[in-house]
Amino acid sequence: MNGWKILLKEPRIWQAIQSSWLIGITVVLLNLLIAIPAGRTIAFHSFRGKWFFELLFTLPILIPSLAVVMGLHLTMIRLGLTDHWMGVVIVHLLPSVPYTIKIFHSSFERIGPHLEDQAVSLGSSKWYSFYSIYLPLLVPSIRSTVFLVFVISLSQYVLTAIIGGGNVVTIATLYFPFLSTVKESVISSFSLIFAILPLTVLLLFEFLIQIFIPYRKQNG
Amino acid sequence: MKLFGKSNLLFLLPPFILTIALVGYGVIMAISESIHKNEQLTFQYYVDVFANDIFIASLNYSLSIAFVSTFFSIFIGLLITRWLYRCWKNDFLKIVYWIPMLFPHFVWGYMMVLLFSQTGWFSSLVYNIGIIHKPNEFPVIINDSHGIGIIITYVLKETPFVILMLLPAYHQLNHQLSSVVRTLGGKEWDVFKTVEWPWIMPILFETSIIVFSFILSAYEVPYLLGTTYPKMISLLVYEWFFEGDWSNRPKAFAAMLSVTMFIFSIMMAYTSLLIKKRYHMMKGNGKV
């Protein structure tokens, strides 16, 4: 327990947890917002140049993000996005959005477009059919997205360090220089925080599902 | 299928803009930084970088680590996936292979240090049992010149990712085909070669490119587990980019872009291969 005591006395740890949480949740929400419609379009529609879009959307994880961020660095300084949490959020989208699009692409493909057509032919509006049919079916995918993207966002050290410039303190930027200096028990407790944070986010998410997604109570 | 409507194009716009504005713009800016010297066009930095022994050593080191780790992750991941989808149908195992993903790479790296370094747990364990007589007889796995610690960390961390990518493909596989091969007297290897391989090959290649490029350009794990010479490429680049000497910056761009171009050419070769392959499959089946 000594490790926890030392750790919790460190004044920047709370600030770091707070900003990791804020940044992670924002990144997750933006991911969902971007990837659900895009995944649906790629899964349900065939159009010319589809392979091009699919290839393009995997580019951010194939091209080294260090190269991209070094290129963006000067421009982001000019735009005032460095040393600001919004800038960090933007660069965290790079390694996460491709995965989210893949997740929703395959889950829409599994569900198939016919349910929506049925609902629409029975007179439901497109948005209502999405809300009442697809959203409940997408819950497993949304759950894995929340988890995966939040962990990806937590794990970014270099991107956060370059764009955050030392002013945006997340637990990754705090943990990393810590490693070579401090006692083992402190680091071990610190490592556990990396597991606890995603779990709190998952809990919050389950709570939101209970409130917002229809037909959950009967099934659950 | 419905025709491609305007509203659907709109949905592709956000990730499109994101990719173009961040990746496209970032890479173009990086290229421009790497080929300009005092406002003049030059390829001097690329020449410098490839004449630099430190860079070449670090490139070889990074490439071999990335190749070996990717190979083992894919191989082990494939074996486990084949075993998983046959023997385990329940959801419990899904949780098990999610656990390694709970922690960031560098936390795993740190655990490796705790377990395998010469003052670590395993070292003191075998010392106390009496297998080795001095702690420094324990094999050097952490900060070793072959990158064994780095490779083990990546294989442990990337294998679950490989399983995650492959398992859905195995669940969608037509298992009647495997039975056909077996009834006709095929061995396990024939089942794999004729039924599974053509189906999973594209996913396997895509996954290996993702894993490979990730390992090649990662920073955190080699920082913890690597040696001071040769360094993994991203460590070297980060050093060139952020140390006080600004004259090294264009070199950092040139080095990182060379790695990017390497990954890009593998990807292009693979894509052209895949398109041919898809065409053959379409011809064979009469359907997509």
Side-chain angles (χ1 to χ4, degrees), chain A residues 33-35 37-38 40-42 44-48 51 53 55-75 90-91 93-94 97-98 101-102 106 110 113 144 147-148 151-152 154-158 162 172 175-176 179 184 187-188 191 194-195 198-199, chain B residues 1-5 8-12 14-16 18-20 22-33 98 101-107 110-111 113-114 168 172 206 209-210 213-214 216-217 219-220 223-224 234 237-238 241-242 249 252-253 256-257 259-260 263-264 267 271 275:
Chain A
L33 213 63
I34 292 170
R40 182 180 165 278
T41 303
I42 297 176
F44 289 174
H45 301 272
S46 53
F47 47 91
R48 200 174 291 178
W51 66 271
F53 280 99
L55 188 69
L56 188 82
F57 294 157
T58 48
L59 275 188
I61 43 173
L62 292 177
I63 292 182
S65 44
L66 197 56
V68 174
V69 168
M70 279 172 8
L72 287 174
H73 190 231
L74 272 181
T75 310
I90 292 172
V91 289
L93 288 178
L94 277 176
V97 167
I101 291 182
K102 259 184 218 304
S106 61
R110 240 191 335 264
S144 32
F147 181 75
L148 187 70
V151 172
I152 290 176
L154 271 189
S155 327
Q156 300 303 322
Y157 169 73
V158 186
I162 293 180
Y175 178 85
F176 211 60
L179 284 179
E184 282 176 8
I187 301 272
S188 308
S191 304
F194 281 102
L199 293 179
Chain B
M1 280 287 165
K2 265 179 266 173
L3 277 175
F4 185 54
N8 292 313
L9 186 69
L10 225 60
F11 289 146
L12 291 180
F16 184 75
L18 184 83
T19 315
I20 297 293
L22 290 183
V23 181
Y25 181 79
V27 170
I28 287 171
M29 287 304 280
I31 292 174
S32 131
E33 292 265 346
W98 273 96
M101 301 206 174
L102 197 59
F103 294 99
H105 279 84
F106 46 83
V107 176
Y110 173 69
M111 288 184 194
V113 175
L114 269 189
Q172 286 166 5
E206 194 189 345
I209 295 179
I210 292 175
S213 54
F214 177 82
L216 190 59
S217 58
Y219 177 86
E220 287 88 351
Y223 176 88
L224 285 173
S234 39
V237 166
Y238 189 78
F241 189 72
F242 263 111
R249 277 204 161 190
F253 282 110
M256 210 60 223
L257 283 169
V259 175
T260 307
I263 294 170
F264 210 72
M267 196 181 66
T271 313
I275 285 173

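In what follows, chains carry the letters A, B, and so on, assigned in the order in which the sequence lines appear, proteins first and then strands, with residues in each chain numbered from 1. Nothing here was measured: the structure is a model prediction, and the numbers come from that model. Just the heavy atoms: all of them, side chains too, but no hydrogens, waters or symmetry mates, feed the values below.
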message: For B/Leu114, which atoms come within 4.5 Å of any heavy atom of chain A: side chain, backbone, both, or neither?
response: side chain
message: With rounding to the nearest 0.5 angstrom, report the NE2 to CZ distance, A/His73 to B/Phe242.
response: 4.5 Å
field: Ring center gap for A/Tyr157 and B/Phe106 short of 6.0 angstrom
entry: no
task: Pick whichever of B/Tyr238, B/Tyr219, B/Phe264 has the most heavy-atom pairs under 4.5 Å with chain A.
output: B/Tyr219
query: For B/Leu224, is it the side chain, the backbone, both or neither that has a heavy atom under 4.5 Å from a heavy atom of chain A?
result: side chain
field: Atom group of A/Phe53 that falls short of 4.5 Å from chain B, counting heavy atoms
entry: side chain
- prompt: Just by distance, with hydrogens left out, do A/Thr75 and B/Tyr25 show a side-chain donor and acceptor under 3.5 Å apart?
  reply: yes
- prompt: Is chain B contacted by the side chain of A/Val158, its backbone, both, or neither, given a heavy-atom distance below 4.5 Å?
  reply: both
task: Against chain A, work out which of B/Pro15, B/Pro14, B/Ala30 has the most heavy-atom pairs shorter than 4.5 Å and name it.
output: B/Pro15
query: Quick one: what part of B/Leu18 sits under 4.5 Å from any heavy atom of chain A, side chain, backbone, both or neither?
result: side chain
task: Would you mind checking which part of B/Glu33 comes under 4.5 Å of any heavy atom in chain A, side chain (CB onward), backbone (N, CA, C, O), both or neither?
output: side chain
message: Is A/Ile152 close to chain B through its backbone or its side chain, or both, or neither, when contacts mean heavy atoms under 4.5 Å?
response: neither
- line: Taken to the nearest 0.5 Å, the spacing of A/Ile101 CD1 from B/Thr19 OG1 works out to 7.0 Å
message: So for B/Ile263, is it side chain, backbone, both, or neither that comes closer than 4.5 Å to the heavy atoms of chain A?
response: side chain
- request: Please look at A/Leu33 and chain B and tell me whether the side chain, the backbone, both or neither of the residue comes under 4.5 angstrom of a heavy atom of that chain.
  value: neither
field: CA sep, side-chain torsions, deciding dist, call: B/Ser213, A/Leu62, side-chain contact (heavy atoms from CB on, under 4.5 Å)
entry: CA-CA 6 Å; B/Ser213 54; A/Leu62 292 177; 3.6 Å; yes
- prompt: Do the side chains of B/Leu12 and A/Ile42 get nearer than 4.5 Å, heavy atoms only?
  reply: yes
field: Rounded distance (nearest 0.5 Å) linking atom CZ of B/Phe241 with atom CD1 of A/Ile162
entry: 6.0 Å
message: Can you tell me which of B/His105, B/Met29, B/Met256, B/Met267 forms the most heavy-atom pairs within a distance under 4.5 Å of chain A?
response: B/Met256
field: CG on A/Leu66 to CZ on B/Phe253, rounded to 0.5 Å
entry: 9.5 Å
- prompt: Heavy-atom distance under 4.5 Å to chain B: side chain of A/Leu94, backbone, both or neither?
  reply: side chain
task: Counting only heavy atoms closer than 4.5 Å, note whether A/Ser144 contacts chain B via side chain, backbone, both or neither.
output: both
task: Counting only heavy atoms closer than 4.5 Å, note whether A/Ala35 contacts chain B via side chain, backbone, both or neither.
output: neither
